[in-house]
Amino acid sequence: MKTHHYIFLTAVLFVIVFYDQDIGMNLGILSIVYALLTLFKTPEKNRTRTFLILFVTNVLSAIAFIWYRDFPSLLAVVSSILLLGYRSRNRKLKILFLIPVFIINSFTSIFRFFSFDAWLPKRNISGVWQKTLAFIIIPLVFISIFFGIYSAGSDHFAALFRDYELDVNIWQVICLSVLGFFIAFNYWNYAVERFIYKKNHLLDDDFNEANKTQKATYSFLDLEAERTSGVISFICLNILLVFFIITYNYEQFYEVSKTPVQLSEETHERVNAVIMSIVMAVLVIMFYFKSGFNFDPKAKLMKMLARIWIILNAVLVVSAAVKNYEYIISYGFTYKRLGVFAFLLLSLIGLALTFIKIQKKKRNAFLFNRMTWYFYGTILACSYINWGGIITSQNMKRKDFAVAYHLEQVNFSERDLLRYAGEKNDLQLKKKVLEKVKEEKSKPFLSKILYYETLKE
């Protein structure tokens with residue numbers, strides 16, 4: 001099949017699965033179809049290990065969305081299909097260019113659409129397809145557009161067609177057709193601008209020979225002064241961080257107990273401070289080790305001080321994680337408290353990558369290239385696992401279990417709540433949960449969430 005076949009096929013499929021439906025199983029099904037067609041269309045040389053892994057994660061993300069249909073699974077399925085399509089066409093282009101490429105294509109799609117020679121076959125097409133296009137599709141598109149315009153402008157004109165039995169929402173079909181074509185066109189026929197290819201080398205992980213030359217970064221500072229500045233900065237920052245760790249841990253573990261609200265506010269403030277500290281730590285190291293100092297034989301002391309600072313920041317992250325765990329033990333699980341662990345884990349990974357960057361003399365781009373994949377992995381983990389079920393099942397063991405909160409604020413907790421209602425013989429809770437399940441089960445097939453289909457009423 002040619003590019004235009006993929007565009008029209010997936011555009012028609014988009015209309016079919018979304019007509020008169022809410023978002024549900026249909027998006028997951030569409031994503032799997034896109035993935036399979038992408039696998040079929042991708043040339044053998046681009047079917048790298050990364051591409052095949054992305055194909056698997058795309059299918060798993062689609063299944064997760066079919067099962068849960070929540071924001072994390074939506075984010076996972078969208079990012080997975082974009083990454084898969086991008087990698088199928090560009091096996092060497094850095095993944096950080098993904099967002100700029102698709103944003104640029106979204107704005108230029110109208111111009112690329114009218115460049116028919118670029119995406120429609122240049123040679124004469126078969127007689128059947130030619131007649132279908134000329135006699136049916138093109139006139140039907142124009143008729144549909146003007147029918148909508150005239151119907152909006154004249155009630156009598158619209159009334160001529162209201163008495164017929166054909167129950168089709170023309171406006172919905174038109175809107176879905178336009179949206180489906182827009183998505184399909186930009187997915188199967190996107191273009192990478194020349195300047196992006198020219199800038200791809202800027203995101204390489206390793207330095208080239210020209211970058212290894214020892215030279216001052218700024219005209220107003222010579223090499224020796226800049227090196228000394230780095231040593232002084234890291235000595236001062238290490239001393240400052242040691243005192244901060246001491247006071248931070250004293251406030252967390254030895255101060256007089258606060259009320260739950262005060263403790264919650266202070267815990268989040270301190271975690272935010274830790275995350276900001278880690279970000280700034282990485283930026284400072286990137287500032288000093290962006291080029292020449294990675295290969296400077298006289299910068300050994302500065303490298304050692306930077307490594308110590310990374311280790312001290314890791315100690316700070318562990319302290320925050322221990323306090324968050326203590327907070328969970330005292331007051332139970334919530335999405336935010338689990339999210340704190342996710343951010344702290346990403347912070348530790350960032351510090352580890354920064355340590356590797358110094359040790360193996362990598363460019364700053366190495367951090368961004370690697371962290372992009374770790375963020376993607378975090379999105380996948382959030383979409384594949386029923387965190388709401390974990391939160392509810394763990395909090396059910398507590399004496400202060402807040403039933404109303406878990407029923408209204410925690411997603412996909414119904415299975416555990418039904419079990420809890422059975423154990424406590426709470427008929428009122430069981431009734432509320434079953435009403436919610438029944439409402440979800442009553443939706444049309446393509447709008448369903450499979451999680452609720454597995455619950456017994």
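- Minimum interatomic distance between Ala76 and Leu380 (heavy atoms only, all atoms of both residues): CB-CD2, 4.2 Å.
- Taking a 6.0 Å sphere around CG of Leu283, one finds it holds more than 12 heavy atoms contributed by other residues, nucleotides or ligands.
- Heavy atoms only, all atoms of each residue included: Ser31 and Ile81 are closest at O-CD1, 4.0 Å.
- Within the 4.5 Å cutoff, side-chain heavy atoms of Thr392 are placed close to those of Met396.
- With a 4.5 Å cut-off on side-chain heavy atoms, Phe368 and Met286 count as touching.
- Using a 4.5 Å cut-off on side-chain heavy atoms (C-beta onward), Phe333 and Trp387 make no contact.
- For Cys382 against Pro72, the heavy-atom pair with the smallest separation is O-CB, 3.8 Å.
- Between the Ser80 side chain and the Val77 main chain, no donor and acceptor come within less than 3.5 Å of each other.
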- Message: Let's go through Thr334 and Tyr405 carefully: what are the C-alpha distance in whole Å and the side-chain angles of both, what is the deciding distance for side chain to side chain donor-acceptor pair (under 3.5 Å) to 0.1 Å, and is it a yes or a no?
- Response: CA-CA 10 Å; Thr334 64; Tyr405 168 78; 5.4 Å; no
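- In this structure, Lys441 contributes its side chain and Leu455 its backbone to a donor-acceptor pair below 3.5 Å.
- For Glu440 (side chain) and Ile449 (main-chain N/O), no donor-acceptor pair under 3.5 Å exists by modelled atom type.
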- Could you walk me through whether Leu37 and Trp188 pass the side chain to side chain contact (heavy atoms under 4.5 Å, CB included) check? CA-CA 10 Å; Leu37 290 176; Trp188 298 112; 3.6 Å; yes
- Test log, rule side chain to side chain contact (heavy atoms under 4.5 Å, CB included), inputs Leu316 and Ser277: CA-CA 9 Å; Leu316 186 61; Ser277 170; 4.0 Å; yes
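- Atom-to-atom distance recorded for Arg370:CZ and Phe366:CZ is 5.0 Å, nearest 0.5 angstrom.
- Counting non-hydrogen atoms of other residues, nucleotides and ligands closer than 6.0 Å to CD1 of Ile23 gives a total of 12 or fewer.
- Once rounded to the nearest 0.5 Å, the distance linking NZ of Lys431 with NZ of Lys438 reads 11.0 Å.
- The aromatic rings of Tyr452 and Phe412 sit tilted relative to each other, their planes meeting at an angle between 30° and 60°.
- No side-chain heavy atom of Phe182 sits under 4.5 Å from any side-chain heavy atom of Phe14.
- Ring planes of Phe8 and His4: perpendicular class, angle over 60° (limits at 30 and 60°).
- Looking at Tyr384 and Ile63, their side chains never come closer than 4.5 Å, going by heavy atoms from C-beta outward.
- Val317 and Ser347 make their closest contact through CG2-CB, 4.3 Å (heavy atoms, listed as atom of the first residue, atom of the second, distance).
- Formation of a donor-acceptor pair under 3.5 Å by the Ser413 side chain with backbone atoms of His406 is found in this model.
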- Task: For the pair Met371 and Phe375, evaluate side chain to side chain contact (heavy atoms under 4.5 Å, CB included) and give the outcome as yes or no after the intermediate values.
- Result: CA-CA 6 Å; Met371 284 305 297; Phe375 274 113; 4.0 Å; yes
- Message: Please determine whether salt bridge (Lys or Arg N to Asp or Glu O under 4.0 Å) holds for the pair Arg363 and Asp205, giving the CA-CA distance in whole Å, both sets of side-chain angles, and the decisive distance to 0.1 Å.
- Response: CA-CA 5 Å; Arg363 300 180 64 182; Asp205 288 344; over 6 Å; no
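- In this structure, the side chain to side chain donor-acceptor pair (under 3.5 Å) partners of Ser319, at least two apart in sequence or on a different chain, are Asn249.
- Among all heavy-atom pairs drawn from Arg398 and Ser330, the shortest one is NH2-O, 2.6 Å.
- A salt bridge does not link Lys432 to Glu435: none of the charged nitrogens lies less than 4.0 Å from a carboxylate oxygen.
- The number of heavy atoms from other shown groups lying within 6.0 Å of CZ (Phe343) does not exceed 12.
- A distance of 9.0 Å separates CG in Leu9 from OH in Tyr34, rounded to the nearest 0.5 Å.
- Between Leu52 and Leu39 there is a side-chain heavy-atom pair separated by less than 4.5 Å.
- With contacts defined as side-chain heavy-atom distances shorter than 4.5 Å, the pair Tyr331/Asp400 does not qualify.
- Put simply, the side chain of Lys430 never gets that close to the backbone of Leu418: no donor and acceptor are under 3.5 Å apart.
- Between the side chain of Ser73 and the main chain of Asp70, a donor-acceptor pair closer than 3.5 Å is present.
- In this model, a donor atom of one side chain and an acceptor atom of the other lie less than 3.5 Å apart for Thr454 and Arg415.
- Side chains of Tyr376 and Thr57: a donor-acceptor N/O pair is present below 3.5 angstrom, by distance only.
- In this structure, CG on Asn189 lies 10.0 Å from OG on Ser109, to the nearest 0.5 angstrom.
- Without hydrogens or angle criteria, Arg89 side chain to Tyr190 main chain gives a donor-acceptor distance under 3.5 Å.
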What donor-acceptor contacts under 3.5 angstrom involve side-chain atoms of residues 91-98, with partners at least two apart or in another chain?
residue: Arg91; atom: NE; partner: Asn46; partner atom: OD1; Å: 3.3
residue: Lys94; atom: NZ; partner: Asp204; partner atom: OD1; Å: 2.9

- Query: Between Asp416 and Tyr420, is a side chain to side chain contact (heavy atoms under 4.5 Å, CB included) present by the stated rule, with each step listed?
  - Reply: CA-CA 6 Å; Asp416 295 290; Tyr420 180 82; over 6 Å; no
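- Counting only distance, with no hydrogens or angles, the side chain of Asn369 and the backbone of Ala365 share a donor-acceptor pair below 3.5 Å.
- You'll find the side chain of Leu346 reaches within 4.5 Å of the side chain of Tyr374, heavy atoms only.
- Side-chain polar atoms of Ser61 and Asn58 form no donor-acceptor pair below 3.5 angstrom.
- To the nearest 0.5 Å, the span separating CD1 on Ile278 from CG on Leu344 amounts to 8.5 Å.
- More than 12 heavy atoms of other residues, nucleotides or ligands shown are found within 6.0 angstrom of OH on Tyr197.
- The minimum heavy-atom distance between Ile385 and Tyr68, with the atom names listed, is C-OH, 4.3 Å.
- Using a cutoff of 4.0 Å between basic side-chain nitrogens and carboxylate oxygens, Arg419 and Glu423 are scored as salt-bridged.
- Surrounding OH of Tyr335 are more than 12 heavy atoms belonging to other residues, nucleotides or ligands, all under 6.0 Å away.
- For Arg337 (side chain) and Asn324 (main-chain N/O), no donor-acceptor pair under 3.5 Å exists by modelled atom type.
- A distance of 3.5 Å separates OG1 of Thr42 from CZ of Phe51, quoted to the nearest 0.5 Å.
- A donor-acceptor pair under 3.5 Å links the side-chain atoms of Asn238 to the main chain of Trp309, judged by distance alone.
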